[in-house]
Number of protein chains: 2
Amino acid sequence: MDRRPGGRSARVRDAVRQATIAELAEHGYSGLTVENVAIRSGVHKTTVYRRWGSVEGLIADALELAREEPWPIPDTGSFRDDLREIVRLVQSGFADPVAGPISAAFVTAAVQNGDAARSLHDFFVARHEQAAEVVRRAVERGELAADTDGAEVIRMAVAPIYYRLFITHEPVTERDAERAADAAVAAARAGVLSAPTSDPR
Amino acid sequence: MDRRPGGRSARVRDAVRQATIAELAEHGYSGLTVENVAIRSGVHKTTVYRRWGSVEGLIADALELAREEPWPIPDTGSFRDDLREIVRLVQSGFADPVAGPISAAFVTAAVQNGDAARSLHDFFVARHEQAAEVVRRAVERGELAADTDGAEVIRMAVAPIYYRLFITHEPVTERDAERAADAAVAAARAGVLSAPTSDPR
DNA sequence: GGCCTAACGCAACTGGAGTTGACTTTGGAC
DNA sequence: GTCCAAAGTCAACTCCAGTTGCGTTAGGCC
């Protein structure tokens, strides 16, 4: 991104990233403005506009940061409990007063802006891949068929949470999380989530 | 809403609603402005601002309209095929060049604005209730347990579609729709989607 | 059919997001 | 150490979404 990775540019980038996260946590997405981020970071607003372009650009950049930090993938020895734990983690993440607004802001930004959407897409690809580990282990234990699509299992498990939060705007309880995980387990065991076979030309 | 439901007020409301839908279909949510809706409808922009408040208000109102028109609930005689058809309908609806942008705009608006979120919530509650009919029929046929939560089955079936479209921004194929429906069927048959029992105090 | 007032129309105004062009600082190559 | 171009700063400007105050129109009620 930078042709001059050292010194000032890096400092400016870090300051802006940090300010973006802080502003998101405090005021949420609707309260995020380029001007406030500029003031908070001590960087001139023109600079922010030139390098990030817009509020969505700021978020896309912050997302790259978020993608890098790994996830605590559970390993309980039970496929069902692993999946329950993953879904519960997602649910409680959005319920958290600090992390919640930030995560929600990412989703909101991506719905409106192509750049943010691409960043979020990459983020989820990485997350699905990481979380699919619990499926791989279940396959090794012989709990699931070898051709089970790990990422698809994860999608099935977490989708109802996001659906309630961002589409239907229904409340999400821990019981909902549990039920979503159990449904994904049932589907995986029934063998309907097998990986798409590369079609024989 | 109106203290004077007759005549001009009603005409203004209809004109604005129609203009909103038309603008959404043409330019999508990001291209929707109060000003353009005002011009298109022939209603003064001040009036639109006073009665609807904002772009999100326009969408919330248009949603009330959308909620009223019923849905073609399939009745194939097979629970699996009914559910597949419902999910396919959702998927193809968003793929449609006219209806797609309008539906997507509703979701986008609701993510940002409380009023639109409440309208969309009510919309989905109605939809879930209507679609749960296929579950009721399956129960009558003895395919599913009597305590199966119909709305929850529908959520499980359609959630992955919305998840891909609005959260992860992955493409959605007909095969994905099929798989989501099949997963919901498997979960329902496994009995993990039973209605929440009212807790014995 | 005349009156009252809710609802609409109108034009001028406001504020802040985003832009522009000239100037200054600074990292890094030689 | 010198030089240069990339990156950042600054102030002034544009533009348009949203507001305001007031005049006008037209339902609905007696």
Side-chain angles (χ1 to χ4, degrees), chain A residues 1-20 22-24 26-62 64 105 108-109 111-116, chain B residues 1-20 22-24 26-62 64 105 108-109 111-116:
Chain A
M1 188 179 184
D2 301 322
R3 299 198 199 174
R4 288 182 174 183
R8 187 166 61 166
S9 288
R11 277 200 307 277
V12 163
R13 184 175 190 179
D14 287 347
V16 169
R17 275 179 162 181
Q18 222 175 326
T20 301
E23 285 287 316
L24 278 181
E26 275 181 31
H27 312 297
Y29 176 77
S30 60
L32 187 72
T33 70
V34 173
E35 206 129 13
N36 286 343
V37 169
I39 292 167
R40 184 170 205 138
S41 64
V43 172
H44 206 88
K45 116 177 156 168
T46 315
T47 301
V48 180
Y49 272 115
R50 279 211 245 269
R51 283 190 59 180
W52 285 270
S54 68
V55 168
E56 285 81 10
L58 287 170
I59 289 188
D61 187 44
E64 270 182 48
T108 306
V111 166
Q112 293 167 40
N113 178 276
D115 285 340
Chain B
M1 187 174 186
D2 299 323
R3 298 199 200 176
R4 289 183 171 183
R8 188 166 60 165
S9 289
R11 278 200 306 277
V12 164
R13 183 173 192 181
D14 288 347
V16 169
R17 275 180 162 180
Q18 221 174 327
T20 301
E23 285 288 315
L24 278 182
E26 275 181 30
H27 312 296
Y29 176 76
S30 60
L32 186 71
T33 69
V34 173
E35 204 129 14
N36 285 343
V37 169
I39 293 168
R40 185 169 204 139
S41 64
V43 173
H44 204 88
K45 115 179 155 166
T46 315
T47 301
V48 179
Y49 271 114
R50 279 209 250 267
R51 283 188 59 177
W52 284 270
S54 66
V55 169
E56 286 81 10
L58 287 170
I59 289 188
D61 187 44
E64 269 181 50
T108 305
V111 166
Q112 291 167 38
N113 180 277
D115 285 342

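Below, chain A is the first sequence line, B the second, and so on; all start at residue 1. In this text the structure is predicted, and so the values were computed from the model without any measurement.
- One interatomic measurement links the two molecules: CZ of B/Arg11 to P of D/dG27, which rounds to 6 Å at whole-angstrom precision.
- One end of the helix from C/dG1-D/dC30 to C/dC30-D/dG1 points its axis 30° away from the other end's axis, with each axis taken from 5 pairs and the angle rounded to 10°.
- In this structure, A/Ser30 has no side-chain contact (heavy atoms from CB on, under 4.5 Å) partners at least two apart in sequence or on a different chain.
- Remark: A/Thr47 is in phosphate contact with D/dT9, judged by side-chain N or O atoms under 4.0 Å from OP1 or OP2.
- One interatomic measurement links the two molecules: CZ of B/Arg13 to C1' of C/dC8, which rounds to 16 Å at whole-angstrom precision.
- For the segment residues 29-44 of chain A, the set of residues with a heavy atom within less than 4.0 Å of an atom of DNA chain D comprises A/Val43, A/His44, in numerical order.
- When the side-chain contact (heavy atoms from CB on, under 4.5 Å) test is applied to B/Tyr49, the partners found at least two apart in sequence or on another chain are B/Val34, B/Lys45.
- Every residue meeting the side-chain hydrogen bond (donor to acceptor under 3.5 Å, both in side chains) condition with A/Thr33, not counting sequence neighbours, appears here in chain and number order: A/Asn36.
- Contacts of A/Thr47 classified as side-chain hydrogen bond (donor to acceptor under 3.5 Å, both in side chains), with partners at least two apart in sequence or in another chain: none.
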Anything under 3.5 Å between a protein N or O and an N or O of nucleotides 19-23 of chain C, put it in a table, one pair a line.
{"unit_1": "C/dG21", "atom_1": "O6", "unit_2": "A/Arg50", "atom_2": "NH2", "d": "3.0"}
{"unit_1": "C/dA22", "atom_1": "N6", "unit_2": "A/Arg50", "atom_2": "NH2", "d": "3.4"}

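- Taken to the nearest 0.5 Å, the CZ atom of A/Arg51 stands 14.0 Å off from the OG1 atom of A/Thr46.
- Rounded to an integer number of Å, the gap from A/Trp52 CH2 to C/dG18 C1' is 16 Å.
- Not one side-chain nitrogen or oxygen of A/Arg51 sits closer than 4.0 Å to the OP1 or OP2 atom of D/dA7.
- Residues meeting the side-chain contact (heavy atoms from CB on, under 4.5 Å) test with B/Glu64, sequence neighbours left out: B/Arg13, B/Arg17, B/Arg67.
- Contact record, A/Ile59 with A/Ala105: CD1-O, 4.0 Å, taken as the closest heavy-atom pair.
- Looking at residues two or more places apart in sequence or on another chain, you find a side-chain contact (heavy atoms from CB on, under 4.5 Å) between A/Val16 and A/Val12, A/Thr20, A/Val37, A/Ser41, A/Val43, A/Val48, A/Trp52, A/Leu58.
- In this view, A/Arg40 and A/Glu23, A/Glu26 satisfy the salt bridge (Lys or Arg N to Asp or Glu O under 4.0 Å) rule, not counting sequence neighbours.
- When the side-chain hydrogen bond (donor to acceptor under 3.5 Å, both in side chains) test is applied to B/Ser54, the partners found at least two apart in sequence or on another chain are B/Glu56.
- Nearest heavy atoms, B/Ala60 versus B/Ala116: CB-CA, 4.0 Å.
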